[in-house]
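Position 1 is the first residue of the sequence, and the numbers go up from there. These numbers were taken from a predicted model, which means no experiment stands behind them.
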Amino acid sequence: MATLSFFSRAQLAQLREQRRHTTCLLFLSGPSASEVPLSQLRATDIIAVNGSAGYLLDQGINPFIYLVTDGRFATQRFEAFQRHVTAATFTFINQEVFDAAPTDLQRWLAERCFILKELYKREKSGPIKKLKYAFFCARHPSVMIDVPFSRKKRMKGFSKDITLGYCNCKTVAYAAIQLAYSLGYPKIICAGFDLTSGGQRFYDRPGEAVMPSEISQDTQKIIAVLRFMREKINPPLFTLSTTTAIPYDIIPLVEKVGEEVELRDQ
């Protein structure tokens, strides 16, 4: 069995030196992603997720970062996953992806991927969790986690330091936001963060086995966490989508990627 080693501060520092653009574009799975002009895609550092990387590769664009946090994608679409990992400059997976892989694949992943911690799996809260994460956040001010006392309510969090881990939010997009923020990009733009069309993925093809999506039932939960993010963190985050279910007061709309700006260091 391969040794599990999480993404470190030293690796983060090295990766920040590798940034090529000052804008990071999160190339996600919603239908509006395919509407972004190729010229704009080529003018950014791209974090692609799941099958969206395949679209980019077909257009001759290699993602700067490839991110997968769903173990089902890596195992059910392994050929595509392998192609995306090989083509991306860097790849990030979480422990779920690593643990879901057979032993021989784990060795392959350990050699090629950075592995992220997930700060919590279950979003249900309670007094014990509130104490646990209160102590954690006191030790690590870069992580903000709100844990209500009620077990019926859900935790909300955001990590400004991805080496400590990332906070879950029912979508890989939220992990991508925290990763881009940790890398110090002064402008982060979402393409395909729609939360519409019943979780439809723009890259799914007729006759291809479609992975199940819970986006429709999780939309309001995701929006609640995004609002927490905007109010508590206020990252430099924007969207290109004109069909998104996410209110623009949470993720403002921009028409295009825009000009380069000064890189942010932390």
Side-chain angles (χ1 to χ4, degrees), residues 16 19-67 88-89 158 160 169-204 213 215-216 218-220 222-265:
R16 288 166 67 97
R19 296 171 298 182
R20 296 171 290 208
H21 297 277
T22 56
T23 295
C24 181
L25 188 138
L26 312 182
F27 197 64
L28 307 169
S29 300
S32 69
S34 61
E35 300 172 4
V36 182
L38 297 181
S39 60
Q40 293 194 36
L41 295 176
R42 293 190 174 98
T44 67
D45 284 351
I46 296 178
I47 298 179
V49 305
N50 299 333
S52 72
Y55 171 88
L56 296 173
L57 296 181
D58 290 343
Q59 310 304 319
I61 300 172
N62 289 49
F64 179 56
I65 290 173
Y66 179 49
L67 170 65
T89 307
F158 189 95
K160 296 188 286 185
C169 177
K170 303 292 186 182
T171 172
V172 65
Y174 199 57
I177 293 169
Q178 292 166 85
L179 175 57
Y181 188 96
S182 298
L183 287 169
Y185 285 101
K187 192 172 187 180
I188 305 166
I189 300 179
C190 301
F193 201 4
D194 301 341
L195 302 185
T196 57
S197 306
Q200 175 186 350
R201 302 176 180 91
F202 79 91
Y203 50 78
D204 285 336
S213 172
I215 284 293
S216 294
D218 291 333
T219 296
Q220 294 309 312
I222 294 170
I223 291 175
V225 175
L226 293 173
R227 188 169 293 283
F228 166 88
M229 171 202 72
R230 178 58 67 188
E231 293 173 352
K232 301 297 184 180
I233 309 298
N234 195 28
L237 182 67
F238 306 89
T239 183
L240 294 170
S241 177
T242 58
T243 57
T244 179
I246 303 169
Y248 289 137
D249 66 321
I250 297 179
I251 305 183
L253 177 68
V254 291
E255 294 183 358
K256 59 182 180 179
V257 170
E259 297 180 353
E260 297 276 296
V261 290
E262 185 178 353
L263 278 166
R264 176 171 60 89
D265 287 311

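The distance from the CG atom of Leu253 to the OG1 atom of Thr239 is 6.5 Å, given to the nearest 0.5 Å. Distance check: Gln178 CD to Leu67 CG gives 10.5 Å after rounding to the nearest 0.5 Å. From Leu195, atom CG reaches atom OG of Ser241 across 9.0 Å, with rounding to the nearest 0.5 Å. Going from atom OH of Tyr203 over to atom OG of Ser34 covers 12.5 Å, rounded to the nearest 0.5 Å. Phe64 CZ to Ile46 CD1: the interatomic distance, rounded to the nearest 0.5 Å, is 11.5 Å. The CG atom of Asp45 sits 3.5 Å away from atom OH of Tyr185, with the distance rounded to the nearest 0.5 Å.
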Less than 3.5 Å apart, which donor and acceptor atoms pair up between the side chains of residues 226-236 and the rest of the protein, not counting sequence neighbours?
| unit_1 | atom_1 | unit_2 | atom_2 | d |
| --- | --- | --- | --- | --- |
| Arg227 | NH1 | Asp249 | OD2 | 3.1 |
| Arg230 | NE | Ile250 | O | 2.6 |
| Arg230 | NH1 | Asn234 | OD1 | 2.6 |
| Arg230 | NH1 | Pro235 | O | 2.9 |
| Arg230 | NH2 | Leu237 | O | 3.1 |
| Arg230 | NH2 | Ile250 | O | 2.8 |

Using the rule given for side chain to side chain contact (heavy atoms under 4.5 Å, CB included), can you reason through Ile47 versus Leu25, listing the C-alpha separation, both sets of side-chain angles and the distance that settles it, and then say yes or no?
CA-CA 6 Å; Ile47 298 179; Leu25 188 138; over 6 Å; no

Can you list the steps and then say if Leu56 with Asn62 is a side chain to side chain contact (heavy atoms under 4.5 Å, CB included)?
CA-CA 6 Å; Leu56 296 173; Asn62 289 49; over 6 Å; no

Could you check Cys24 against Leu183 for side chain to side chain contact (heavy atoms under 4.5 Å, CB included), going step by step and ending with a plain yes or no?
CA-CA 9 Å; Cys24 181; Leu183 287 169; over 6 Å; no

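Looking at Ile189 and Thr23, their side chains come closer than 4.5 Å, going by heavy atoms from C-beta outward. Taking 4.5 Å as the limit, some side-chain heavy atom of Arg20 sits within range of a side-chain heavy atom of Thr89. You'll find the side chain of Leu240 stays beyond 4.5 Å of the side chain of Cys190, heavy atoms only. The closest side-chain heavy-atom distance from Leu26 to Ile188 is below 4.5 Å. Side-chain contact between Pro63 and Ile61: absent, with no pair of heavy atoms (C-beta onward) separated by less than 4.5 Å. Side chains of Val225 and Tyr174 form a contact here, defined as non-hydrogen atoms less than 4.5 Å apart. Counting only heavy atoms from C-beta outward, the side chains of Asp218 and Thr171 never approach each other to under 4.5 Å. Looking at Thr244 and Thr196, their side chains never come closer than 4.5 Å, going by heavy atoms from C-beta outward.
Heavy atoms only, all atoms of each residue included: Arg42 and Gln59 are closest at NH2-O, 3.0 Å. In this structure, Gln40 and Glu255 approach most closely via the heavy-atom pair NE2-O, 4.4 Å. Taking all atoms of both residues into account, the shortest heavy-atom contact from Thr219 to Ala245 is CG2-CB, 4.4 Å. Across Ser52 and Leu28, no two heavy atoms sit closer than the pair CB-O, 3.5 Å.
Residue pairs meeting the ring pair (Phe, Tyr, Trp, His ring centres under 6.0 Å) criterion with at least one partner in residues 230-253, sequence neighbours excluded, are absent. Sorted by first and then second residue, the salt bridge (charged side-chain N to carboxylate O under 4.0 Å, His left out) pairs with a member in residues 21-30 form an empty list; sequence neighbours excluded. Residue pairs meeting the ring pair (Phe, Tyr, Trp, His ring centres under 6.0 Å) criterion with at least one member in residues 38-58, sequence neighbours excluded: Phe27-Tyr55, Tyr55-Phe202. Under the ring pair (Phe, Tyr, Trp, His ring centres under 6.0 Å) criterion, no residue pair touches residues 28-47, with sequence neighbours excluded.
Residues satisfying the salt bridge (Lys or Arg N to Asp or Glu O under 4.0 Å) test with Asp58, not counting sequence neighbours, are Arg83, Arg205.
Each of Thr22, Val36, Val257 was scored for a side chain to side chain contact (heavy atoms under 4.5 Å, CB included) with Thr44, with one residue passing: Val257.
A donor-acceptor pair under 3.5 Å is formed between the side chain of Tyr66 and the backbone N or O of Asn50.
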